[in-house]
Amino acid sequence: MNTKGKKTEREEYAWVLDYLPYGNPNDPRPTYQKIPLVQAVGDSKFVLMELVPKDKVTPQIQSRVYIGEGDREVIDHVKHRIHYNDLTSGAQLELPFVLEQSVIHHEERFVKFFNEAHPITTRQHMLELLPGIGKKLMWAIIDERKKGEFKSLEELHERVGGVHTPQKAIVNRIMEELKDDNIKYRLFTRPHRRPHNE
């Protein structure tokens, strides 16, 4: 869960969702004033953003690109953060597939979530925020992890039969958090705060 006062780390890597060689189609400026753009999702807090690629570089959709400090091969700079509704239809279609790649890439982080998830209130548990996990499955996961921590998402599925694809439950939760700026609880994403000049 996000904690207030904690220094927010910047995204180091991002996954390419869409490449717009002629800029954002919603940009009202004439074509000659537009620059190529990349729509992407961050690899850590799943921040949605637009990036400016380096000159004469064509980023590949579903590729993981470095956007941190120092030399970057593909991306020149991060332009700004965007909302889910700012994504192109192509980017929206790619998002679930890319998120699943990211979850698998960082499997340890999400296995840890299943091992350490705890109650949020007296009536609701963090596990219940995952789509498809109700009270019955929540207790099955808790009872099973008491016997020993889960070592992988595959092992979680094998030991708790009702959790067919844990990574998809996580992806579906991330999607919910990205689509709803006012969602009450955030497990995996950072809230969107627009700068005053936007």
Side-chain angles (χ1 to χ4, degrees), residues 1-3 6 8-18 39-49 60-67 83-84 87 90-192:
M1 303 288 289
N2 288 345
T3 53
K6 184 181 172 186
T8 54
E9 68 280 9
R10 295 175 74 99
E11 297 278 14
E12 292 277 304
Y13 289 88
W15 296 81
V16 176
L17 298 171
D18 201 359
Q39 290 195 332
V41 60
D43 194 34
S44 171
K45 293 294 179 186
F46 306 107
V47 171
L48 297 173
M49 58 190 111
Q60 298 302 304
I61 291 171
Q62 293 195 9
S63 63
R64 185 172 177 264
V65 294
Y66 180 65
I67 59 169
H83 289 272
Y84 177 81
L87 293 174
Q92 289 183 4
L93 285 171
E94 289 292 341
L95 186 57
F97 300 104
V98 164
L99 289 176
E100 189 164 346
Q101 286 184 58
S102 184
V103 168
I104 291 165
H105 190 83
H106 295 287
E107 184 175 9
E108 279 184 22
R109 169 188 171 188
F110 297 101
V111 172
K112 186 177 179 184
F113 168 79
F114 280 104
N115 283 324
E116 297 182 358
H118 53 78
I120 303 165
T121 67
T122 52
R123 296 188 174 193
Q124 194 167 34
H125 197 281
M126 288 167 80
L127 290 170
E128 290 179 274
L129 297 179
L130 298 182
I133 295 184
K135 291 267 186 234
K136 187 177 175 186
L137 268 182
M138 174 199 78
W139 284 115
I141 293 168
I142 291 169
D143 289 343
E144 195 58 41
R145 76 185 186 187
K146 284 176 185 171
K147 302 172 190 173
E149 288 193 343
F150 302 112
K151 300 289 192 294
S152 67
L153 295 176
E154 179 61 29
E155 186 192 304
L156 167 62
H157 160 62
E158 287 170 1
R159 287 169 60 186
V160 187
V163 186
H164 300 297
T165 45
Q167 64 269 27
K168 281 196 166 47
I170 292 165
V171 166
N172 290 339
R173 177 62 195 184
I174 295 168
M175 291 287 292
E176 286 181 4
E177 293 181 21
L178 291 177
K179 288 178 180 181
D180 184 359
D181 286 341
N182 301 311
I183 200 164
K184 189 172 182 183
Y185 297 112
R186 290 185 178 275
L187 298 177
F188 307 116
T189 66
R190 189 182 296 159
H192 193 296

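- With sequence neighbours excluded, no residue satisfies ring pair (Phe, Tyr, Trp, His ring centres under 6.0 Å) with Tyr84.
- A pairwise comparison of heavy atoms in Leu48 and His83 identifies CD1-C, 4.0 Å as the closest pair.
- Here the closest non-hydrogen pair linking Ala169 and Pro131 is O-CD, 3.6 Å.
- Remark: of the listed residues Ile142, Val163, Leu187, Leu137, Ile142 is the sole one forming a side chain to side chain contact (heavy atoms under 4.5 Å, CB included) with Leu127.
- Annotation: side chain of Met126 is in contact with side chain of Phe113 (closest heavy-atom distance under 4.5 Å).
- To the nearest 0.5 Å, atoms CG (Leu95) and CG (Leu178) are separated by 6.0 Å.
- In this structure, the side chain to side chain donor-acceptor pair (under 3.5 Å) partners of Gln101, at least two apart in sequence or on a different chain, are Gln62.
- The structure places CZ of Phe188 at 11.0 Å from CD of Glu176, a figure rounded to the nearest 0.5 Å.
- Under the ring pair (Phe, Tyr, Trp, His ring centres under 6.0 Å) criterion, Tyr66 pairs with Tyr13, not counting sequence neighbours.
- No side-chain donor-acceptor contact under 3.5 Å links Gln124 to the backbone of Thr121.
- The shortest distance between side-chain heavy atoms of Trp15 and Glu94 does not fall below 4.5 Å.
- Contact annotation: the side chain of Leu156 never approaches that of Val111 to less than 4.5 Å [non-hydrogen atoms, C-beta and beyond].
- Contact check for Glu144 versus Ile141: no side-chain heavy atoms found under the 4.5 Å cut-off.
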Verdict with reasoning, Asp43 to His106, per side-chain contact (heavy atoms from CB on, under 4.5 Å): CA-CA 9 Å; Asp43 194 34; His106 295 287; 2.6 Å; yes
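- Of all heavy-atom pairs spanning His157 and Pro166, the tightest one is CB-CD, 4.3 Å.
- With hydrogens and angles disregarded, a donor-acceptor distance shorter than 3.5 Å links the side chain of Arg109 to the backbone of Ser44.
- When all heavy atoms of Arg64 and His105 are compared, the closest pair comes out as CZ-NE2, 3.4 Å.
- Taking CD of Glu128 as the start and CD1 of Ile133 as the end, the distance is 9.5 Å to the nearest 0.5 Å.
- The closest donor-acceptor contact from the side chain of Glu107 to the backbone of Leu153 lies under 3.5 Å.
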Criterion side-chain contact (heavy atoms from CB on, under 4.5 Å) on Val41 and Ile174, from CA distance to verdict: CA-CA 11 Å; Val41 60; Ile174 295 168; over 6 Å; no
Asn172/Leu130 under side-chain contact (heavy atoms from CB on, under 4.5 Å): CA gap, chis, key distance, verdict: CA-CA 7 Å; Asn172 290 339; Leu130 298 182; over 6 Å; no
Intermediate values then yes/no, side-chain contact (heavy atoms from CB on, under 4.5 Å), Ile170 and Phe114: CA-CA 10 Å; Ile170 292 165; Phe114 280 104; 3.6 Å; yes
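- A salt bridge between Lys112 and Glu108 is absent, with no side-chain N of the basic residue lying under 4.0 Å from a carboxylate O of the acidic one.
- A donor-acceptor pair is defined here as one N or O able to donate and one able to accept, closer than 3.5 Å; no such pair exists between the side chain of Glu177 and the backbone of Ile183.
- Annotation for Pro96 and Met175: closest pair CG-CE, 4.1 Å, computed over non-hydrogen atoms.
- Ring pair Phe46/Phe110 is tilted by interplanar angle, where 30° to 60° counts as tilted.
- A salt bridge does not link Glu11 to Lys45: none of the charged side-chain nitrogens sits closer than 4.0 Å to a carboxylate oxygen.
- To the nearest 0.5 angstrom, Gln92 atom CD is 10.0 Å from Leu17 atom CG.
- Between Arg186 and Asp181, the closest heavy-atom pair is NH2-O, 3.3 Å.
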